[in-house]
2 protein chains.
Amino acid sequence: MSAPHRLTRNQALVLETLTTAEEPLSAYVILDRLKDEGFRAPLQVYRALDKLLEAGLIHRLDSLKAFVACSTPHEHDAADRVAFAICQKCARVWEFSDPAIEGRFAAWAADTDFEIASATIEISGLCAACRKAGEGAA
Amino acid sequence: MSAPHRLTRNQALVLETLTTAEEPLSAYVILDRLKDEGFRAPLQVYRALDKLLEAGLIHRLDSLKAFVACSTPHEHDAADRVAFAICQKCARVWEFSDPAIEGRFAAWAADTDFEIASATIEISGLCAACRKAGEGAA
DNA sequence: CAAATGATGTAACGATATAACATTGGAGTC
DNA sequence: GACTCCAATGTTATATCGTTACATCATTTG
C-alpha cells in the first residue's frame with residue numbers, strides 16, 4: 001500500500017514506549033512515561049496512537065483498554081484479522097492468526113448474510129511460564 | 001450448576017431493560033432508563049450487571065463498552081466461549097458458537113502451552129437488512 | 001511569499017467504571 | 001419474637017478512559 005509513512009516525533013516516542021514495554025500499556029501510562037519528553041495531555045498520546053493504529057504498527061486490546069506494539073508489522077490490507085492471547089498474570093501478549101478460524105467466520109457470515117468488516121479476538125488465560133511458576137503456590 | 005438464583009429487584013429491572021432493548025446498552029443508558037424506578041447512581045447498575053454476568057444472563061461487549069441480554073441463557077459451565085456479530089449500522093447483535101473455532105483455539109493453545117480461561121470474540125460489520133437498505137444510497 | 005494542509009499544545013469536558021462507607025433487609029438460629 | 005449474619009442497597013466521591021474545541025506552528029507547494 002502507501003509508503004511506510006514517516007513517523008513524527010510524537011508517534012515515534014509512543015511507538016518506542018510500546019515496543020520497549022513488556023506488556024500492553026494504557027494511554028495514560030504512556031502519557032506518564034513520556035512526561036519527560038514534554039507530553040502534557042492525553043490527546044498527545046491518543047493522536048499518536050490513532051496514526052499508529054492506522055499504520056498497523058500497534059493494536060488496541062479492547063479487553064484490557066490498552067495498546068500493544070504489533071509483533072509482526074503486517075500491512076493490514078483487509079481488516080484486522082489477528083487474534084491475541086493475553087496472560088492474566090504477566091500480561092504478555094501472543095499474536096497469531098489462523099486461516100481456519102477466518103474460514104469459519106466467513107462461513108458463518110455467508111450463512112447469515114453478514115458482511116464482516118473487522119474482528120476483535122482476544123483470549124485470556126495463563127501462559128506456560130506463569131502456570132509453571134504457580135504450580136507450587138497452589 | 002447452582003439453582004437459577006432468584007434475581008433481586010435491581011437485577012430484574014436491569015435484565016428487563018436489556019431484554020427489551022433492541023441493541024446493546026451502556027451502563028449509563030441503563031441508569032438513565034431506570035431513573036423512574038429509583039436508580040440514582042452508576043453503582044446500582046454496575047452491581048446488577050456484575051451479578052447478571054456471573055449468572056450468564058447477559059454479556060458485555062468489549063468493543064462497544066455495552067451490555068446485551070444473552071439470547072440463549074446457556075449455563076456458562078466453562079468460560080464464555082461465545083462469539084458475537086455486531087451490525088455497525090443498526091447495532092443488532094447475533095450470538096453464535098462454533099466448535100470448529102473453539103477447536104482451532106484449543107489447538108493453538110496446546111501448541112503454545114497456553115491455558116485458555118475465557119475469550120472475547122466480536123465481529124463487526126453489516127447485517128443483511130442494513131446492507132440491503134444501503135444499496136441505493138451508495 | 002501566500003495558501004493549504006497536517007501536526008501540535010492546552011484546557012475543558014464527556015463517558016466509563018470503581019472505592020469507601022453507612023444502611024437496610026431478609027434467612028437462619030436461638 | 002429477638003439476634004446474628006450476610007448479601008444487597010444507597011450515596012458520595014473519585015479513578016480511569018477518551019474526545020471536543022480552538023489556537024498555534026511547521027511543511028509543503030503553487
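Computed over heavy atoms, backbone and side chain alike; hydrogens, waters and symmetry mates excluded. Reminder, nothing fancy here: chain letters follow the sequence lines and each chain counts from 1.
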Answer yes or no: does a side-chain N or O of B/Q44 lie under 4.0 Å from OP1 or OP2 of D/dG10?
yes
Where do B/L53 and B/I58 come nearest, in terms of heavy atoms and distance?
CD2-O, 3.5 Å
How many whole angstroms separate atom CG of A/D32 from atom C1' of D/dA15?
14 Å
Whole Å only: how far is the CG atom of A/L25 from the P atom of D/dT16?
15 Å
Exercise: identify the closest heavy-atom pair between B/A27 and B/L49
CB-CD1, 4.0 Å
What protein N or O atoms touch nucleotides 18-27 of chain D N or O atoms at under 3.5 angstrom, if any, and at what distances?
unit_1: D/dG18; atom_1: OP1; unit_2: A/R60; atom_2: NH1; d: 2.0
unit_1: D/dG18; atom_1: OP1; unit_2: A/R60; atom_2: NH2; d: 3.2
unit_1: D/dG18; atom_1: OP2; unit_2: A/Y46; atom_2: OH; d: 3.0
unit_1: D/dG18; atom_1: O5'; unit_2: A/Y46; atom_2: OH; d: 3.3
unit_1: D/dG18; atom_1: N7; unit_2: A/Y28; atom_2: OH; d: 2.6
unit_1: D/dG18; atom_1: O6; unit_2: A/Y28; atom_2: OH; d: 3.2

Heavy-atom nearest pair, A/V82 first then A/F96, reads CG1-O, 3.5 Å
How would you give the extent of chain A contacts on DNA chain C, as first and last nucleotide 5' to 3' within a 4.0 Å heavy-atom cut-off?
C/dA7 to C/dA17
B/W94 reachable from B/L126 in the ILVMFWY side-chain graph, under 4.5 Å edges:
no
Tell me: CZ of B/F39 to C1' of D/dG10, nearest whole Å?
11 Å
B/E23 side chain vs B/A91 backbone, donor-acceptor pair below 3.5 Å:
no
Under the salt bridge (charged side-chain N to carboxylate O under 4.0 Å, His left out) test, residues paired with A/R40 that sit two or more places apart
none
Indicate yes or no for a side-chain donor-acceptor contact from A/E95 to the backbone of A/S71 under 3.5 Å, with no hydrogens or angles considered.
yes
Give a yes or no answer on whether the side chain of B/E122 reaches the backbone of B/D62 with a donor-acceptor pair at less than 3.5 Å.
yes
